[in-house]
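Because the structure is a prediction, the values reported are computed rather than measured.
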Protein chains: 2
Amino acid sequence: MSGETVTVGEAARLTGVSAKMIRWYEARGLLPPAARSAAGYRHYGEIEIRALHFVRRARDLGFDVEAIAGLLALWSDRDRPSAAVKAIAQARIVELRRRIAALEGMARSLEHLADACCGDDRPDCPILDDLSAGLGERAPREKRTPP
Amino acid sequence: MSGETVTVGEAARLTGVSAKMIRWYEARGLLPPAARSAAGYRHYGEIEIRALHFVRRARDLGFDVEAIAGLLALWSDRDRPSAAVKAIAQARIVELRRRIAALEGMARSLEHLADACCGDDRPDCPILDDLSAGLGERAPREKRTPP
DNA sequence: GATGGACCTTCCCACCGTGGGAAGGTCAAG
DNA sequence: CTTGACCTTCCCACGGTGGGAAGGTCCATC
């Protein structure tokens with residue numbers, strides 16, 4: 001019979017999506033409203049559990065809510081063109097690569113600065129010098145306007 | 001002299017930190033309360049502008065508010081040990097590398113999937129297959145305590 | 001002077017995604 | 001019946017950022 005249904009907490013345990021998040025996804029329209037018991041408890045069957053797994057996996061891949069909603073819609077459409085799915089994935093890849101590049105730039109800058117900083121008891125620090133650079137003079141140690 | 005002071009808007013234009021954010025940083029204690037005119041307008045001198053530049057630059061390097069507060073404190077302490085600064089920078093580097101690795105993993109998975117997806121009119125899609133897979137394998141199977 | 005527009009002030013609300021917790025209802029076991 | 005685990009909704013918080021309302025100020029121009 002496959003009539004076994006579980007509550008949110010159980011669904012959370014099964015899928016790795018917290019009960020809070022399950023309710024939140026539902027409220028945001030990402031998931032359809034769950035079936036309710038007479039007392040108002042949400043109940044989830046195998047298909048819903050599968051959808052939650054899907055959401056979890058997509059979330060792990062860095063998709064945001066909108067994208068996941070789109071993927072879910074395509075997932076449940078048996079006639080979807082695979083091109084539509086691929087487009088979403090590729091947009092996500094572009095975004096990921098963009099963010100990676102940004103973080104990489106930061107990391108490299110910082111590594112460069114940290115390498116130049118001897119890191120001892122003395123106050124001379126290229127890191128702070130760099131952070132305060134770009135205006136006029138560098139350090140705030142000269143508190144008064146330089147000549 | 002050098003009593004030239006500017007308002008928030010001007011400071012924002014000069015430093016690239018929005019007026020909103022300047023006020024927010026002040027409210028969060030990241031920046032000391034700005035001097036006020038009789039009418040209550042904030043006014044910023046060269047030193048404050050410098051600090052804002054510093055904040056902007058640190059933000060661009062991915063430091064969060066707490067770290068920036070720490071860096072600012074060290075920046076204005078002439079006797080700080082450079083090791084303290086370096087420690088903050090290195091912690092940031094570790095965090096950046098961690099996030100880069102996470103994003104990189106996602107990007108690679110997605111690229112792999114997208115490569116396998118032909119992206120045409122047909123519904124067969126390895127991407128969706130992967131997203132909905134893993135139910136039987138990776139998921140912690142229901143290990144209900146026996147009655 | 002007055003007027004108008006650009007600016008300032010504070011305050012609230014929104015976003016994303018997540019967690020914490022309160023107040024109250026339900027269910028199953030003892 | 002009581003107890004404790006669970007459910008419900010609702011509010012609040014976070015980091016940062018933006019939007020906007022309601023009201024006060026500054027300055028140039030008439």
### Task
Could you check how far CD of E10(B) sits from C1' of dC26(D), rounded to whole Å?
14 Å
### Between D120(B) and S82(A): side-chain donor-acceptor atoms closer than 3.5 Å
yes
### Task
For dG15(D), take OP1 and OP2 only and decide whether either is under 4.0 Å from a side-chain N or O of R28(B).
yes
### Task
Look at T7(B) and dC7(C) and indicate whether a side-chain polar atom (N or O) is within less than 4.0 Å of OP1 or OP2.
no
### Query
Given atom CD1 of I22(B) and atom P of dG16(D), what is their separation to the nearest angstrom?
17 Å
### Message
Within the 4.5 Å heavy-atom criterion, are R23(B) and V8(B) side-chain neighbours or not?
### Response
yes
### Query
CG of D60(B) versus C1' of dG16(D): gap in Å, rounded?
14 Å
### Message
Any carboxylate oxygen within less than 4.0 angstrom of a Lys/Arg side-chain nitrogen, looking at R42(A) and E10(A)?
### Response
no
### Query
Ion pair present between E95(B) and R92(B), side-chain N to carboxylate O less than 4.0 angstrom?
no
### Query
Closer to the 5' end of DNA chain D via nearest nucleotide, is it Y25(B) or A19(A)?
A19(A)
#### Entry: Summary of protein contacts for nucleotides 9-14 of chain C, nucleotide by nucleotide, where a base hit scores B, a sugar-phosphate-only hit scores S (4.0 Å, heavy atoms)
BBB---
### Carboxylate-amine/guanidinium contact D130(B) R57(A), below 4.0 Å
yes
### Task
State whether S18(B) places a side-chain N or O below 4.0 Å from either non-bridging phosphate oxygen (OP1 or OP2) of dG18(D).
yes
### Task
Please name the pair of heavy atoms, one in A11(A) and one in Y44(A), separated by the smallest distance, quoted to 0.1 Å.
CB-CD1, 4.0 Å
### Message
Within the supplied structure, the quantity of interest is the number of heavy atoms (other residues, nucleotides, ligands) at a distance under 6.0 Å from D60(B) CG; does it exceed 12?
### Response
yes
### DNA chain D-proximal residues of residues 90-109 of chain B, any heavy atom under 4.0 Å
none
### Task
Answer yes when R97(B) and E104(A) have at least one side-chain N-carboxylate O distance shorter than 4.0 Å, and no when they do not.
yes
